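Since this is a predicted model, take the numbers as computed values, not measurements. Below, chain A is the first sequence line, B the second, and so on; all start at residue 1.
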There are 2 protein chains.
Amino acid sequence: MDNFSFSLRNMNLKVTPKRLAILDILMEETVYLSPEEIWGKMKRRFRKIGLPTVYRNLEELSEGNIISKVNHPNRKLYYYLCKNQSHHHHFICLSCRKVEDINFCAAKKINKEVKTKLKGKVISHILQVNGLCKTCSKKSDI
Amino acid sequence: MDNFSFSLRNMNLKVTPKRLAILDILMEETVYLSPEEIWGKMKRRFRKIGLPTVYRNLEELSEGNIISKVNHPNRKLYYYLCKNQSHHHHFICLSCRKVEDINFCAAKKINKEVKTKLKGKVISHILQVNGLCKTCSKKSDI
DNA sequence: TGTATAAATAGAAATGATTTCTATTTAATA
DNA sequence: TATTAAATAGAAATCATTTCTATTTATACA
């Protein structure tokens, strides 16, 4: 049983061909994709595949932290599969959509500040850097 | 001329009663509000006020960094006016919507990492902490 | 290996937050 | 005060996302 199947079982999700295909598609990408784009790729693999199925699965996989949501300025939904499993954050290129890891996490300091100063409870945190990747920033120099 | 009028002029926006009222409404709040909620409050002040006007103004004010967008897990649009002008980030309570400042910014470290490791260009960054505020975390203990 | 059962899916349809459009009004400028 | 570009109201459209229901399928277990 491969890693993905194991993860799916762990979250009480059945191991279906469509779920595995979505993960396989995302696994091949270095850029974030929209549900509709993933649907497009799924249609090449399955004669019957509904867009709601893609949406539902992406949401479930994201819920289980197998894939991550991208916070895009255009407020549309995009997903990305982190090849690196350890906790980290992302740099996203607004031009070519490439996602790169940022090996930096403020969680500790943040948790401390919230705990001591605000006396609150942290549920989640978002840290994302938007910009232009190496290649695209060179292009925009022209 | 008050501060808001000055800011509006600075961004080449006309100083209209509706813009000032939106800012005034947000100024009174310690919680983030949806465009529709702000519209509701606007309707108490103006006989004629369109929801698109509220949306447009909120977007413009956000563009000019006078107010900030909240990244809510439900993906809906919410806005908040920071009383504290200096660059900082927010802790938002998912229960009562209260927004509190986090006097911590990872920008320097992030910029350094993006510059040296990724050779990219940072355009913006999002740092937001979601959780339960002091009061709400006590309630949920019950 | 069959059978039961809850979960997953397809496809159509609905939803509703957000945006667009156009005629009218208004703030700013001189 | 007249001019003009920007702002607005209100209706209408958009379209990404979700819901719904009948059908199919993965899984557990006899």
**OP:** To the nearest Å, give me how far apart CG (Leu51(B)) and C1' (dT8(D)) are.
**Re:** 13 Å

**OP:** State which of dA7(D), dG10(D), dA28(D) makes the closest approach to the side chain of Arg9(A).
**Re:** dA28(D)

Subject >> Distance-only side-chain donor-acceptor flag, Ser86(A) / Asn84(A), under 3.5 Å >> reply: yes

Original post:
Across the strands shown, which category fits Arg56(A) at heavy-atom distances under 4.0 angstrom: base, sugar-phosphate, nothing?
Top reply: base

Original post:
Rounded to whole angstrom units, what separation is found between the CD1 atom of Ile49(A) and the C1' atom of dT9(C)?
Top reply: 8 Å

**OP:** Verify the distance criterion only: is there a donor paired with an acceptor across the side chains of Asn103(A) and His88(A) at less than 3.5 Å?
**Re:** no

Subject >> Nearest-nucleotide pick for Tyr55(A), side chain only, options being dT18(D), dA17(C), dA28(C) >> reply: dT18(D)

Original post:
Over how many whole Å does the gap from Leu58(A) atom CG to dA8(C) atom P extend?
Top reply: 14 Å

**OP:** Would you mind listing the cluster partners of Ile126(A)? Hydrophobic ones only (ILVMFWY), side-chain contacts under 4.5 Å, chaining allowed.
**Re:** Ile126(B)

**OP:** Look at the side chain of Pro52(A) and decide which nucleotide, out of dT9(C), dT8(D), dA12(C), has an atom nearest to it.
**Re:** dA12(C)

Original post:
Starting at CG of Leu20(B) and ending at P of dT8(D), how long is that distance when rounded to a whole Å?
Top reply: 10 Å

Subject >> First of Asn12(B) and Arg47(B) reached from the 5' end of DNA chain D, by closest nucleotide >> reply: Asn12(B)

Original post:
With respect to the phosphate group of dA10(C), does any side-chain polar atom (N or O) of Lys18(A) fall under 4.0 Å of OP1 or OP2?
Top reply: yes

Subject >> Nearest to side-chain heavy atoms of Thr16(B), which nucleotide of dA7(D), dA8(C), dA10(C) >> reply: dA7(D)

Subject >> Lys98(B), NZ: over 12 other non-hydrogen atoms inside 6.0 angstrom >> reply: no

Original post:
Roughly how many Å is it from CD1 in Ile22(B) to P in dA7(D), rounded to a whole number?
Top reply: 12 Å

Original post:
To the nearest Å, how far apart are Glu36(B) CD and dT18(C) C1'?
Top reply: 10 Å

Original post:
dA27(C), dA10(C), dA7(D): which one has an atom nearest the side-chain heavy atoms of Thr53(A)?
Top reply: dA10(C)

**OP:** Grab the CZ-P distance between Arg45(B) and dA9(D) for me, whole Å please.
**Re:** 15 Å

Subject >> Intermediate values then yes/no, salt bridge (Lys or Arg N to Asp or Glu O under 4.0 Å), Glu37(B) and Arg97(B) >> reply: CA-CA 13 Å; Glu37(B) 287 162 346; Arg97(B) 297 175 160 208; 2.8 Å; yes

Subject >> Flag for Arg19(A)-Thr16(A): side-chain donor and acceptor within less than 3.5 Å >> reply: no

**OP:** Name every residue in residues 69-78 of chain B that has at least one heavy atom under 4.0 Å from any atom of DNA chain C, in order of residue number, or write none if there are no such residues.
**Re:** Lys76(B), Leu77(B)

Original post:
Is Lys14(A) touching bases, backbone alone, or none of the nucleic acid, heavy atoms closer than 4.0 Å?
Top reply: base

**OP:** Grab the CG-C1' distance between Asn57(B) and dA27(C) for me, whole Å please.
**Re:** 14 Å

Subject >> Modelled atom types, side-chain donor and acceptor of His90(B) and Tyr32(B), under 3.5 Å >> reply: no

